[in-house]
Amino acid sequence: MTEFLFFIEVVVAGLLAGTMYSLVALGFVLIYKASSTFNFAQGAMVFFAVLAFVGFMELGLPFVVAFFVTILLMGLVGFCTERLVLKPLRTQSEDTLLMATIGLGFVLEGLAQATWGVEVRRLDLGIGDFPIQWIIDSTGLFISALDLTAGFVAAFLIIALALLFKYTKMGLGLRAVADDPGAASSIGIPLGNIMLLVWTAAGIVALVAGMMWGARAGVQFALVDLALKALPVLIIGGFSSIPGAIIGGLIIGATEKVLEVYVGPYFGGAIEGWAPYVMAILFLLWRPEGLFGEKIIRRV
Amino acid sequence: MNVPTDNILEIDSIEVVYDNVISALHDVSLTVPRGKVVALLGGNGAGKSTTLKAISTMLASEKGKVTKGTITYDGTPVKGQTPAEMVGLGMVQVLEGRRCFGHLTVEENIIAGAYSRRLSKAEMRNELEKIYGYFNRLRDKRKSQAGYTSGGEQQMVAVARAMMAKPRMLLLDEPSMGLAPQLVAEIFRIVTELNQNEGVSILLAEQNTNVALRNADYGYIIETGHVMLHGTAESLLNDDSVRDLYLGISKEGRKNFRDVLRQESAVHPDLHHG
(Lines give C-alpha, C1' and ligand atoms only; values in the text may rest on other atoms or scores of the structure.)
Protein backbone atom coordinates (compact mmCIF):
# COMPACT_ATOMS: atom_id res chain seq x y z
CA MET A 1 0.00 0.00 0.00
CA THR A 2 2.76 2.45 0.88
CA GLU A 3 4.43 1.42 -2.38
CA PHE A 4 1.30 2.40 -4.26
CA LEU A 5 0.90 5.65 -2.34
CA PHE A 6 4.48 6.50 -3.18
CA PHE A 7 3.82 5.82 -6.87
CA ILE A 8 0.80 8.14 -6.77
CA GLU A 9 2.91 10.77 -5.08
CA VAL A 10 5.53 10.55 -7.81
CA VAL A 11 2.90 10.80 -10.54
CA VAL A 12 1.14 13.76 -8.93
CA ALA A 13 4.39 15.62 -8.38
CA GLY A 14 5.27 14.87 -12.00
CA LEU A 15 1.92 16.11 -13.30
CA LEU A 16 2.19 19.31 -11.31
CA ALA A 17 5.72 19.92 -12.54
CA GLY A 18 4.38 19.09 -15.99
CA THR A 19 1.92 22.00 -15.87
CA MET A 20 4.95 24.26 -15.84
CA TYR A 21 6.29 22.63 -18.97
CA SER A 22 2.84 23.07 -20.45
CA LEU A 23 2.94 26.73 -19.64
CA VAL A 24 6.27 27.33 -21.34
CA ALA A 25 5.21 25.17 -24.27
CA LEU A 26 2.12 27.34 -24.55
CA GLY A 27 4.35 30.35 -25.11
CA PHE A 28 5.98 28.53 -28.01
CA VAL A 29 2.64 27.42 -29.45
CA LEU A 30 1.25 30.96 -29.45
CA ILE A 31 4.08 32.29 -31.52
CA TYR A 32 4.29 29.20 -33.70
CA LYS A 33 0.61 29.49 -34.56
CA ALA A 34 0.88 33.13 -35.51
CA SER A 35 4.13 33.10 -37.45
CA SER A 36 5.01 29.43 -38.09
CA THR A 37 8.29 30.07 -36.34
CA PHE A 38 9.81 28.21 -33.44
CA ASN A 39 10.68 31.03 -31.07
CA PHE A 40 14.11 30.16 -29.73
CA ALA A 41 13.98 33.29 -27.59
CA GLN A 42 11.20 31.88 -25.40
CA GLY A 43 13.68 30.60 -22.80
CA ALA A 44 15.40 33.97 -22.76
CA MET A 45 12.00 35.63 -22.34
CA VAL A 46 11.34 33.49 -19.25
CA PHE A 47 14.67 34.59 -17.80
CA PHE A 48 14.26 38.21 -18.86
CA ALA A 49 10.74 38.46 -17.42
CA VAL A 50 11.38 36.93 -14.02
CA LEU A 51 14.70 38.72 -13.57
CA ALA A 52 12.98 42.03 -14.29
CA PHE A 53 10.22 41.09 -11.84
CA VAL A 54 12.71 40.32 -9.08
CA GLY A 55 14.60 43.48 -9.97
CA PHE A 56 11.47 45.63 -9.60
CA MET A 57 10.75 43.95 -6.25
CA GLU A 58 14.27 44.78 -5.08
CA LEU A 59 13.68 48.40 -6.09
CA GLY A 60 10.92 48.36 -3.50
CA LEU A 61 7.82 47.89 -5.65
CA PRO A 62 5.07 45.81 -4.02
CA PHE A 63 4.47 42.34 -5.45
CA VAL A 64 1.34 43.18 -7.47
CA VAL A 65 2.77 46.42 -8.87
CA ALA A 66 6.01 44.68 -9.86
CA PHE A 67 3.96 41.96 -11.55
CA PHE A 68 1.98 44.40 -13.69
CA VAL A 69 4.98 46.58 -14.47
CA THR A 70 6.75 43.44 -15.73
CA ILE A 71 3.73 42.56 -17.87
CA LEU A 72 3.89 46.06 -19.38
CA LEU A 73 7.60 45.55 -19.96
CA MET A 74 6.92 42.25 -21.75
CA GLY A 75 4.34 44.06 -23.86
CA LEU A 76 7.04 46.56 -24.76
CA VAL A 77 9.43 43.72 -25.61
CA GLY A 78 6.70 42.27 -27.82
CA PHE A 79 6.16 45.66 -29.48
CA CYS A 80 9.87 46.18 -30.15
CA THR A 81 10.21 42.62 -31.45
CA GLU A 82 7.33 43.17 -33.84
CA ARG A 83 8.59 46.54 -35.10
CA LEU A 84 12.34 45.95 -35.17
CA VAL A 85 12.61 42.24 -35.97
CA LEU A 86 9.43 40.70 -37.38
CA LYS A 87 8.11 43.54 -39.52
CA PRO A 88 11.30 44.10 -41.52
CA LEU A 89 11.56 40.33 -42.05
CA ARG A 90 7.94 39.72 -42.94
CA THR A 91 8.64 38.91 -46.56
CA GLN A 92 11.52 36.58 -45.65
CA SER A 93 11.36 32.82 -45.20
CA GLU A 94 10.49 31.09 -41.95
CA ASP A 95 14.11 29.96 -41.58
CA THR A 96 15.22 33.58 -41.51
CA LEU A 97 12.72 34.29 -38.75
CA LEU A 98 13.99 31.28 -36.82
CA MET A 99 17.52 32.62 -36.94
CA ALA A 100 16.23 36.04 -35.90
CA THR A 101 14.62 34.56 -32.77
CA ILE A 102 17.94 32.96 -31.81
CA GLY A 103 19.53 36.40 -32.09
CA LEU A 104 16.67 37.93 -30.12
CA GLY A 105 17.34 35.36 -27.38
CA PHE A 106 20.94 36.51 -27.05
CA VAL A 107 19.88 40.16 -26.96
CA LEU A 108 17.32 39.51 -24.20
CA GLU A 109 19.75 37.44 -22.12
CA GLY A 110 22.44 40.10 -22.42
CA LEU A 111 20.04 42.95 -21.74
CA ALA A 112 18.66 41.25 -18.64
CA GLN A 113 22.09 40.50 -17.20
CA ALA A 114 23.48 43.93 -18.07
CA THR A 115 20.57 45.59 -16.29
CA TRP A 116 20.13 43.42 -13.23
CA GLY A 117 23.48 41.66 -12.79
CA VAL A 118 24.46 38.01 -13.08
CA GLU A 119 24.11 36.65 -9.54
CA VAL A 120 21.43 34.12 -8.67
CA ARG A 121 18.43 35.82 -7.01
CA ARG A 122 16.06 34.36 -4.53
CA LEU A 123 12.37 34.74 -5.27
CA ASP A 124 10.01 34.26 -2.34
CA LEU A 125 6.40 33.95 -3.41
CA GLY A 126 5.32 33.23 0.16
CA ILE A 127 4.48 29.67 -0.80
CA GLY A 128 6.71 27.04 0.72
CA ASP A 129 8.10 24.07 -1.16
CA PHE A 130 6.82 21.75 1.60
CA PRO A 131 4.14 19.04 1.69
CA ILE A 132 0.70 20.31 2.68
CA GLN A 133 -0.38 18.99 6.08
CA TRP A 134 -4.09 18.45 5.43
CA ILE A 135 -3.40 16.45 2.29
CA ILE A 136 -1.03 14.23 4.28
CA ASP A 137 -3.68 13.80 6.97
CA SER A 138 -6.53 12.96 4.64
CA THR A 139 -4.77 10.87 1.97
CA GLY A 140 -1.29 10.17 3.19
CA LEU A 141 0.19 11.83 0.10
CA PHE A 142 3.08 14.26 0.33
CA ILE A 143 2.27 17.04 -2.18
CA SER A 144 4.30 20.25 -2.25
CA ALA A 145 2.36 23.48 -1.81
CA LEU A 146 4.46 25.16 -4.48
CA ASP A 147 3.78 22.36 -6.95
CA LEU A 148 0.08 22.58 -6.26
CA THR A 149 -0.02 26.36 -6.65
CA ALA A 150 1.99 26.21 -9.85
CA GLY A 151 -0.43 23.59 -11.17
CA PHE A 152 -3.45 25.75 -10.45
CA VAL A 153 -1.92 28.93 -11.82
CA ALA A 154 -0.86 27.17 -15.02
CA ALA A 155 -4.30 25.59 -15.39
CA PHE A 156 -5.95 28.98 -14.90
CA LEU A 157 -3.74 30.70 -17.48
CA ILE A 158 -4.22 27.95 -20.00
CA ILE A 159 -8.00 28.00 -19.67
CA ALA A 160 -8.04 31.79 -19.90
CA LEU A 161 -5.97 31.76 -23.09
CA ALA A 162 -8.03 28.97 -24.65
CA LEU A 163 -11.23 30.95 -24.01
CA LEU A 164 -9.62 34.10 -25.38
CA PHE A 165 -8.76 32.39 -28.65
CA LYS A 166 -12.06 30.63 -29.05
CA TYR A 167 -14.45 33.44 -28.20
CA THR A 168 -12.89 36.87 -28.77
CA LYS A 169 -12.46 38.84 -31.95
CA MET A 170 -8.69 39.07 -31.39
CA GLY A 171 -8.63 35.30 -30.92
CA LEU A 172 -10.46 34.77 -34.19
CA GLY A 173 -7.99 37.12 -35.86
CA LEU A 174 -5.10 35.15 -34.44
CA ARG A 175 -6.49 31.83 -35.63
CA ALA A 176 -7.10 33.33 -39.08
CA VAL A 177 -3.51 34.61 -39.25
CA ALA A 178 -2.29 31.20 -38.08
CA ASP A 179 -4.07 29.56 -41.02
CA ASP A 180 -3.21 32.00 -43.78
CA PRO A 181 -1.56 35.36 -43.06
CA GLY A 182 -1.99 36.54 -46.66
CA ALA A 183 -5.71 35.88 -46.72
CA ALA A 184 -6.05 37.39 -43.24
CA SER A 185 -4.43 40.61 -44.35
CA SER A 186 -6.55 40.67 -47.55
CA ILE A 187 -9.72 40.97 -45.43
CA GLY A 188 -8.28 43.68 -43.22
CA ILE A 189 -6.87 41.81 -40.22
CA PRO A 190 -3.85 43.91 -39.19
CA LEU A 191 -0.96 41.43 -38.88
CA GLY A 192 1.10 43.79 -36.71
CA ASN A 193 -1.55 44.01 -33.98
CA ILE A 194 -2.01 40.25 -33.93
CA MET A 195 1.75 39.73 -33.57
CA LEU A 196 1.85 42.25 -30.75
CA LEU A 197 -0.95 40.39 -28.97
CA VAL A 198 0.76 37.06 -29.40
CA TRP A 199 4.15 38.25 -28.18
CA THR A 200 2.63 39.97 -25.18
CA ALA A 201 0.67 36.84 -24.28
CA ALA A 202 3.84 34.78 -24.69
CA GLY A 203 5.62 37.31 -22.45
CA ILE A 204 3.01 36.95 -19.70
CA VAL A 205 3.22 33.18 -19.92
CA ALA A 206 7.02 33.44 -19.71
CA LEU A 207 6.80 35.65 -16.62
CA VAL A 208 4.48 33.27 -14.77
CA ALA A 209 6.56 30.22 -15.68
CA GLY A 210 9.73 32.04 -14.64
CA MET A 211 8.20 33.00 -11.28
CA MET A 212 7.21 29.43 -10.49
CA TRP A 213 10.55 27.95 -11.49
CA GLY A 214 12.49 30.82 -9.96
CA ALA A 215 10.75 30.30 -6.63
CA ARG A 216 12.06 26.74 -6.56
CA ALA A 217 15.49 26.88 -8.16
CA GLY A 218 16.40 30.53 -7.79
CA VAL A 219 16.24 33.15 -10.54
CA GLN A 220 19.26 32.31 -12.63
CA PHE A 221 20.54 31.80 -16.14
CA ALA A 222 19.74 28.06 -16.04
CA LEU A 223 16.06 29.00 -16.55
CA VAL A 224 16.89 29.56 -20.21
CA ASP A 225 17.81 25.90 -20.63
CA LEU A 226 14.96 24.67 -18.48
CA ALA A 227 12.61 26.33 -20.96
CA LEU A 228 14.04 24.16 -23.71
CA LYS A 229 12.28 21.23 -22.01
CA ALA A 230 9.28 22.60 -23.86
CA LEU A 231 10.76 21.17 -27.05
CA PRO A 232 9.98 17.50 -26.27
CA VAL A 233 6.63 18.67 -24.92
CA LEU A 234 5.86 20.25 -28.27
CA ILE A 235 7.04 17.26 -30.24
CA ILE A 236 4.71 15.04 -28.25
CA GLY A 237 1.79 17.45 -28.13
CA GLY A 238 2.12 19.06 -31.55
CA PHE A 239 3.55 22.49 -32.30
CA SER A 240 0.32 24.18 -33.20
CA SER A 241 -2.04 22.85 -30.59
CA ILE A 242 -2.89 24.42 -27.25
CA PRO A 243 -4.44 21.21 -25.85
CA GLY A 244 -1.35 19.43 -27.21
CA ALA A 245 0.96 21.69 -25.20
CA ILE A 246 -1.03 20.96 -22.05
CA ILE A 247 -1.26 17.18 -22.45
CA GLY A 248 2.32 17.00 -23.72
CA GLY A 249 3.55 18.86 -20.63
CA LEU A 250 1.65 16.55 -18.30
CA ILE A 251 2.94 13.45 -20.09
CA ILE A 252 6.53 14.65 -19.95
CA GLY A 253 6.23 15.77 -16.33
CA ALA A 254 4.71 12.53 -15.09
CA THR A 255 6.86 10.11 -17.11
CA GLU A 256 10.14 11.84 -16.37
CA LYS A 257 9.46 11.64 -12.63
CA VAL A 258 8.32 8.01 -12.79
CA LEU A 259 11.32 7.07 -14.94
CA GLU A 260 13.67 8.95 -12.62
CA VAL A 261 12.38 7.11 -9.55
CA TYR A 262 11.93 3.60 -10.93
CA VAL A 263 14.34 3.35 -13.85
CA GLY A 264 16.86 6.03 -12.93
CA PRO A 265 18.83 3.93 -10.40
CA TYR A 266 19.80 1.48 -13.16
CA PHE A 267 21.40 4.32 -15.11
CA GLY A 268 23.01 5.91 -12.10
CA GLY A 269 20.21 8.44 -11.66
CA ALA A 270 19.56 11.92 -13.09
CA ILE A 271 17.83 10.64 -16.20
CA GLU A 272 15.21 13.41 -15.85
CA GLY A 273 17.49 15.61 -17.88
CA TRP A 274 17.54 13.49 -21.00
CA ALA A 275 14.63 11.04 -20.74
CA PRO A 276 12.13 13.53 -22.23
CA TYR A 277 14.31 13.95 -25.32
CA VAL A 278 14.48 10.17 -25.82
CA MET A 279 10.72 10.06 -25.55
CA ALA A 280 10.48 12.84 -28.09
CA ILE A 281 12.61 10.92 -30.56
CA LEU A 282 10.46 7.81 -30.16
CA PHE A 283 7.42 9.96 -30.66
CA LEU A 284 8.82 11.47 -33.83
CA LEU A 285 9.14 7.99 -35.27
CA TRP A 286 5.59 7.08 -34.37
CA ARG A 287 3.61 10.28 -34.88
CA PRO A 288 5.63 13.17 -36.30
CA GLU A 289 2.81 15.70 -36.15
CA GLY A 290 2.36 15.09 -32.41
CA LEU A 291 -0.70 13.89 -30.54
CA PHE A 292 -2.78 16.95 -31.30
CA GLY A 293 -0.82 18.61 -34.06
CA GLU A 294 -3.12 19.84 -36.76
CA LYS A 295 -2.78 17.59 -39.73
CA ILE A 296 -2.32 19.62 -42.83
CA ILE A 297 -5.66 19.68 -44.53
CA ARG A 298 -5.13 19.27 -48.22
CA ARG A 299 -7.81 18.49 -50.75
CA VAL A 300 -6.64 16.47 -53.69
CA MET B 1 -8.38 66.58 -54.59
CA ASN B 2 -11.15 64.22 -53.55
CA VAL B 3 -13.49 64.92 -56.41
CA PRO B 4 -15.80 61.94 -56.85
CA THR B 5 -15.99 60.86 -60.45
CA ASP B 6 -18.07 58.28 -62.23
CA ASN B 7 -15.12 55.93 -62.01
CA ILE B 8 -14.49 54.23 -58.69
CA LEU B 9 -11.11 53.04 -59.89
CA GLU B 10 -8.69 54.62 -62.34
CA ILE B 11 -5.36 53.08 -63.20
CA ASP B 12 -3.06 55.18 -65.32
CA SER B 13 -0.25 53.31 -67.11
CA ILE B 14 1.29 51.50 -64.17
CA GLU B 15 4.48 49.50 -64.25
CA VAL B 16 5.14 46.83 -61.59
CA VAL B 17 8.51 45.38 -60.71
CA TYR B 18 9.08 42.39 -58.42
CA ASP B 19 12.19 42.11 -56.27
CA ASN B 20 13.60 45.24 -57.97
CA VAL B 21 14.40 43.30 -61.15
CA ILE B 22 11.54 41.26 -62.57
CA SER B 23 9.15 43.49 -64.41
CA ALA B 24 5.62 42.09 -64.41
CA LEU B 25 3.46 44.93 -65.73
CA HIS B 26 4.69 47.38 -68.34
CA ASP B 27 1.88 49.69 -69.17
CA VAL B 28 -1.54 48.87 -67.80
CA SER B 29 -4.33 51.43 -67.74
CA LEU B 30 -7.91 50.66 -66.90
CA THR B 31 -10.96 52.18 -65.30
CA VAL B 32 -13.82 50.67 -63.37
CA PRO B 33 -17.01 52.76 -63.58
CA ARG B 34 -18.93 52.95 -60.31
CA GLY B 35 -21.34 50.02 -59.86
CA LYS B 36 -20.08 48.13 -62.91
CA VAL B 37 -18.41 44.76 -63.44
CA VAL B 38 -15.15 44.92 -65.37
CA ALA B 39 -13.34 41.79 -66.53
CA LEU B 40 -9.57 41.57 -66.76
CA LEU B 41 -8.72 38.76 -69.15
CA GLY B 42 -5.58 36.99 -70.16
CA GLY B 43 -3.64 33.77 -69.85
CA ASN B 44 -1.24 32.55 -67.19
CA GLY B 45 1.42 35.09 -66.33
CA ALA B 46 -0.28 37.88 -68.28
CA GLY B 47 -0.30 40.10 -65.20
CA LYS B 48 -3.89 39.82 -64.00
CA SER B 49 -3.09 38.92 -60.40
CA THR B 50 -0.30 41.46 -60.29
CA THR B 51 -2.69 44.19 -61.41
CA LEU B 52 -5.19 43.26 -58.69
CA LYS B 53 -2.49 43.09 -56.02
CA ALA B 54 -1.15 46.47 -57.08
CA ILE B 55 -4.63 47.89 -56.47
CA SER B 56 -5.19 46.20 -53.09
CA THR B 57 -1.56 46.93 -52.05
CA MET B 58 -1.01 43.22 -51.38
CA LEU B 59 2.04 43.53 -53.67
CA ALA B 60 4.25 44.82 -50.88
CA SER B 61 4.19 41.49 -49.04
CA GLU B 62 5.52 39.82 -52.19
CA LYS B 63 8.34 42.29 -52.73
CA GLY B 64 6.49 43.88 -55.63
CA LYS B 65 6.36 47.63 -56.26
CA VAL B 66 4.47 50.00 -58.51
CA THR B 67 7.34 51.88 -60.14
CA LYS B 68 5.45 54.07 -62.60
CA GLY B 69 1.94 55.37 -63.12
CA THR B 70 -0.88 56.04 -60.69
CA ILE B 71 -3.78 54.18 -59.13
CA THR B 72 -6.71 56.26 -57.92
CA TYR B 73 -9.43 54.63 -55.87
CA ASP B 74 -12.52 56.74 -55.36
CA GLY B 75 -10.54 59.97 -55.59
CA THR B 76 -7.78 58.74 -53.23
CA PRO B 77 -4.33 57.96 -54.61
CA VAL B 78 -3.32 54.39 -53.73
CA LYS B 79 0.20 54.67 -52.49
CA GLY B 80 1.80 53.09 -49.46
CA GLN B 81 -1.43 52.07 -47.74
CA THR B 82 -1.52 48.68 -46.00
CA PRO B 83 -4.04 46.08 -47.19
CA ALA B 84 -5.89 46.61 -43.89
CA GLU B 85 -6.17 50.34 -44.65
CA MET B 86 -7.53 49.57 -48.13
CA VAL B 87 -10.14 47.30 -46.56
CA GLY B 88 -11.02 50.21 -44.30
CA LEU B 89 -11.55 52.35 -47.44
CA GLY B 90 -13.94 49.73 -48.81
CA MET B 91 -11.69 47.82 -51.18
CA VAL B 92 -11.36 44.08 -50.64
CA GLN B 93 -9.53 41.50 -52.71
CA VAL B 94 -10.54 37.85 -52.97
CA LEU B 95 -7.22 36.15 -53.58
CA GLU B 96 -6.60 33.55 -56.23
CA GLY B 97 -7.04 29.98 -55.03
CA ARG B 98 -9.81 30.78 -52.49
CA ARG B 99 -7.48 30.81 -49.47
CA CYS B 100 -10.04 29.92 -46.81
CA PHE B 101 -8.94 29.58 -43.22
CA GLY B 102 -8.95 25.76 -43.33
CA HIS B 103 -9.08 25.08 -39.61
CA LEU B 104 -11.85 27.59 -38.93
CA THR B 105 -15.48 26.75 -39.48
CA VAL B 106 -17.30 28.22 -42.47
CA GLU B 107 -19.10 30.66 -40.21
CA GLU B 108 -15.90 31.70 -38.41
CA ASN B 109 -14.37 32.37 -41.83
CA ILE B 110 -17.27 34.61 -42.76
CA ILE B 111 -17.23 36.40 -39.38
CA ALA B 112 -13.49 37.01 -39.78
CA GLY B 113 -14.37 39.00 -42.91
CA ALA B 114 -16.01 41.62 -40.70
CA TYR B 115 -12.82 42.08 -38.67
CA SER B 116 -12.38 45.67 -39.83
CA ARG B 117 -15.88 46.62 -38.68
CA ARG B 118 -17.29 47.10 -35.21
CA LEU B 119 -20.51 45.13 -35.09
CA SER B 120 -22.73 44.27 -32.15
CA LYS B 121 -23.91 40.67 -31.79
CA ALA B 122 -27.28 41.55 -33.27
CA GLU B 123 -25.74 43.41 -36.23
CA MET B 124 -23.43 40.48 -36.85
CA ARG B 125 -26.42 38.10 -36.90
CA ASN B 126 -28.15 40.37 -39.43
CA GLU B 127 -25.10 40.57 -41.65
CA LEU B 128 -24.66 36.79 -41.53
CA GLU B 129 -28.31 36.26 -42.44
CA LYS B 130 -27.95 38.62 -45.37
CA ILE B 131 -24.84 36.78 -46.58
CA TYR B 132 -26.48 33.37 -46.20
CA GLY B 133 -29.34 34.80 -48.26
CA TYR B 134 -26.90 35.05 -51.19
CA PHE B 135 -24.91 31.93 -50.38
CA ASN B 136 -27.66 29.46 -49.43
CA ARG B 137 -25.36 26.53 -49.69
CA LEU B 138 -23.13 27.85 -46.90
CA ARG B 139 -25.95 28.04 -44.35
CA ASP B 140 -26.06 24.25 -44.02
CA LYS B 141 -22.29 24.02 -43.90
CA ARG B 142 -21.70 26.77 -41.41
CA LYS B 143 -20.42 24.50 -38.63
CA SER B 144 -18.12 22.50 -40.94
CA GLN B 145 -14.39 23.03 -40.93
CA ALA B 146 -13.75 25.08 -44.06
CA GLY B 147 -10.76 22.99 -45.13
CA TYR B 148 -13.00 19.98 -45.63
CA THR B 149 -15.68 21.66 -47.77
CA SER B 150 -15.71 21.38 -51.56
CA GLY B 151 -13.82 23.71 -53.86
CA GLY B 152 -16.98 25.52 -54.89
CA GLU B 153 -18.01 26.01 -51.29
CA GLN B 154 -14.56 27.34 -50.44
CA GLN B 155 -14.81 29.85 -53.26
CA MET B 156 -18.19 30.93 -51.90
CA VAL B 157 -16.70 31.24 -48.41
CA ALA B 158 -13.95 33.44 -49.82
CA VAL B 159 -16.42 35.77 -51.57
CA ALA B 160 -18.81 35.77 -48.60
CA ARG B 161 -15.93 36.57 -46.26
CA ALA B 162 -14.87 39.51 -48.43
CA MET B 163 -18.46 40.82 -48.59
CA MET B 164 -18.60 40.92 -44.78
CA ALA B 165 -16.14 43.83 -44.88
CA LYS B 166 -18.92 45.80 -46.68
CA PRO B 167 -16.74 46.67 -49.67
CA ARG B 168 -17.64 49.27 -52.26
CA MET B 169 -15.14 47.67 -54.62
CA LEU B 170 -14.40 43.97 -54.85
CA LEU B 171 -11.38 42.52 -56.63
CA LEU B 172 -11.98 38.89 -57.64
CA ASP B 173 -9.02 36.82 -58.74
CA GLU B 174 -10.06 33.82 -60.84
CA PRO B 175 -13.18 32.73 -59.02
CA SER B 176 -13.75 29.99 -61.61
CA MET B 177 -10.41 28.28 -61.06
CA GLY B 178 -10.70 24.50 -60.89
CA LEU B 179 -14.47 24.46 -60.57
CA ALA B 180 -17.12 22.51 -62.47
CA PRO B 181 -19.12 24.60 -64.98
CA GLN B 182 -22.35 24.48 -62.92
CA LEU B 183 -20.52 25.81 -59.90
CA VAL B 184 -18.85 28.51 -61.95
CA ALA B 185 -22.29 29.54 -63.19
CA GLU B 186 -23.64 29.57 -59.63
CA ILE B 187 -20.78 31.71 -58.34
CA PHE B 188 -21.11 34.18 -61.20
CA ARG B 189 -24.87 34.37 -60.62
CA ILE B 190 -24.19 35.31 -56.97
CA VAL B 191 -21.50 37.81 -57.95
CA THR B 192 -23.93 39.48 -60.37
CA GLU B 193 -26.58 39.62 -57.63
CA LEU B 194 -24.11 41.18 -55.22
CA ASN B 195 -23.20 43.76 -57.86
CA GLN B 196 -26.82 44.63 -58.56
CA ASN B 197 -28.29 44.49 -55.04
CA GLU B 198 -25.37 45.76 -52.96
CA GLY B 199 -24.03 48.17 -55.56
CA VAL B 200 -20.50 46.86 -55.17
CA SER B 201 -18.21 47.59 -58.13
CA ILE B 202 -16.26 44.58 -59.32
CA LEU B 203 -12.95 44.05 -61.07
CA LEU B 204 -12.69 40.45 -62.07
CA ALA B 205 -9.55 38.67 -63.25
CA GLU B 206 -10.37 35.55 -65.26
CA GLN B 207 -8.95 33.04 -67.68
CA ASN B 208 -12.44 31.81 -68.41
CA THR B 209 -13.09 34.54 -70.98
CA ASN B 210 -16.51 33.36 -72.02
CA VAL B 211 -18.10 33.26 -68.57
CA ALA B 212 -16.37 36.44 -67.48
CA LEU B 213 -17.53 38.49 -70.49
CA ARG B 214 -21.08 37.19 -70.20
CA ASN B 215 -21.19 38.53 -66.64
CA ALA B 216 -19.25 41.75 -67.13
CA ASP B 217 -20.02 45.16 -68.56
CA TYR B 218 -16.61 45.89 -69.92
CA GLY B 219 -13.46 43.91 -70.59
CA TYR B 220 -9.70 44.37 -70.83
CA ILE B 221 -7.40 41.81 -72.37
CA ILE B 222 -3.83 41.82 -71.16
CA GLU B 223 -0.85 39.87 -72.37
CA THR B 224 2.67 39.92 -70.92
CA GLY B 225 1.96 42.98 -68.85
CA HIS B 226 0.37 45.12 -71.59
CA VAL B 227 -3.29 45.91 -72.25
CA MET B 228 -3.81 44.53 -75.76
CA LEU B 229 -7.47 45.28 -76.31
CA HIS B 230 -10.44 46.64 -74.44
CA GLY B 231 -14.08 47.26 -75.11
CA THR B 232 -17.61 46.55 -73.96
CA ALA B 233 -18.18 42.93 -73.00
CA GLU B 234 -20.53 42.51 -75.89
CA SER B 235 -18.13 43.85 -78.49
CA LEU B 236 -15.32 41.63 -77.17
CA LEU B 237 -17.54 38.55 -77.25
CA ASN B 238 -18.29 39.24 -80.89
CA ASP B 239 -14.75 40.13 -81.89
CA ASP B 240 -13.14 37.61 -84.21
CA SER B 241 -9.66 37.81 -82.76
CA VAL B 242 -11.01 37.36 -79.21
CA ARG B 243 -13.05 34.40 -80.36
CA ASP B 244 -9.98 32.98 -82.03
CA LEU B 245 -7.63 33.35 -79.11
CA TYR B 246 -9.67 33.17 -75.96
CA LEU B 247 -12.96 31.48 -76.66
CA GLY B 248 -11.48 28.41 -78.29
CA ILE B 249 -13.58 28.57 -81.44
CA SER B 250 -10.72 29.14 -83.82
CA LYS B 251 -10.39 27.19 -87.05
CA GLU B 252 -6.64 27.57 -87.23
CA GLY B 253 -4.09 26.93 -84.51
CA ARG B 254 -3.73 29.32 -81.57
CA LYS B 255 -1.91 32.53 -82.17
CA ASN B 256 -0.46 35.31 -80.14
CA PHE B 257 -2.44 38.50 -79.82
CA ARG B 258 0.36 40.56 -81.32
CA ASP B 259 0.17 38.54 -84.53
CA VAL B 260 -3.56 38.98 -84.71
CA LEU B 261 -3.24 42.72 -84.33
CA ARG B 262 -0.63 42.85 -87.04
CA GLN B 263 -2.92 40.94 -89.42
CA GLU B 264 -5.98 42.97 -88.61
CA SER B 265 -6.43 45.88 -90.93
CA ALA B 266 -9.92 47.02 -90.09
CA VAL B 267 -10.45 47.98 -86.49
CA HIS B 268 -13.78 47.36 -84.90
CA PRO B 269 -15.34 50.71 -83.92
CA ASP B 270 -16.08 49.69 -80.27
CA LEU B 271 -12.64 48.29 -79.65
CA HIS B 272 -9.56 50.13 -78.55
CA HIS B 273 -6.14 48.66 -78.85
CA GLY B 274 -4.00 49.21 -75.81
Side-chain angles (χ1 to χ4, degrees), chain A residues 29 32-36 82-83 86-94 96-97 162 165-197 238-244 289 292-300, chain B residues 19 52-53 56-64 82-105 107-119 124 145-151 154 157-158 161-167 171 173 178:
Chain A
V29 169
Y32 188 82
K33 271 176 97 79
S35 50
S36 307
E82 205 280 316
R83 281 297 144 87
L86 301 178
K87 201 173 179 189
L89 295 178
R90 192 164 289 157
T91 54
Q92 304 297 321
S93 75
E94 285 155 14
T96 311
L97 277 176
F165 294 138
K166 186 68 192 166
Y167 295 108
T168 65
K169 186 172 177 178
M170 274 288 209
L172 179 65
L174 168 71
R175 286 184 295 141
V177 170
D179 260 11
D180 188 335
S185 103
S186 81
I187 54 169
I189 298 177
L191 295 185
N193 294 1
I194 298 291
M195 289 297 163
L196 181 58
L197 167 82
F239 275 86
S240 55
S241 160
I242 291 177
E289 75 271 26
F292 296 82
E294 283 163 340
K295 288 214 174 126
I296 296 160
I297 302 176
R298 197 171 279 154
R299 299 185 71 255
V300 222
Chain B
D19 229 350
L52 295 196
K53 283 180 191 153
S56 66
T57 71
M58 293 284 292
L59 263 188
S61 63
E62 297 176 7
K63 301 186 210 170
T82 64
E85 283 165 352
M86 292 310 291
V87 172
L89 292 172
M91 147 114 58
V92 183
Q93 178 172 16
V94 178
L95 294 165
E96 184 178 0
R98 326 190 234 286
R99 308 276 291 266
C100 289
F101 304 124
H103 296 100
L104 272 59
T105 65
E107 186 152 291
E108 283 175 330
N109 264 278
I110 299 175
I111 290 174
Y115 198 90
S116 56
R117 301 166 66 193
R118 283 176 198 281
L119 297 176
M124 182 65 85
Q145 220 180 352
Y148 289 120
T149 58
S150 74
Q154 291 190 11
V157 169
R161 185 175 69 183
M163 283 306 292
M164 283 297 276
K166 217 176 174 55
L171 308 171
D173 199 348

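Note that the structure is predicted; figures quoted are calculated from it, not measured. In what follows, every chain begins at residue 1, and chains take the letters A, B, ... in the order their sequences are listed.
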Test item: B/Cys100 and B/Gln154 side chains (from C-beta on) under 4.5 Å apart, heavy atoms: yes

Contact class of B/Ala158 relative to chain A, heavy atoms under 4.5 angstrom: neither

Contact winner vs chain B - A/Pro181, A/Pro190, A/Ala178, A/Gly188, heavy-atom pairs under 4.5 Å: A/Gly188

Nearest heavy atoms of A/Ala34 and A/Leu174, plus distance in Å: CB-CD1, 3.6 Å

Where A/Gly173 and B/Tyr115 come nearest, the two heavy atoms and their spacing: CA-CE1, 3.7 Å

Any donor-acceptor N/O pair, A/Glu82 side chain to A/Asn193 backbone, under 3.5 Å: no

Proximal component of A/Ala184, with respect to chain B [non-hydrogen, under 4.5 Å]: both

Heavy-atom pair count under 4.5 Å with chain A, highest-scoring of B/Met164, B/Lys53, B/Glu108: B/Glu108

Contact class of B/Ile111 relative to chain A, heavy atoms under 4.5 angstrom: both

Which atoms of B/Leu104 approach chain A - backbone, side chain, both or neither, heavy atom under 4.5 Å: both

Heavy-atom pair of closest approach, residues B/Gly102 and B/Gln145: O-CG, 3.4 Å

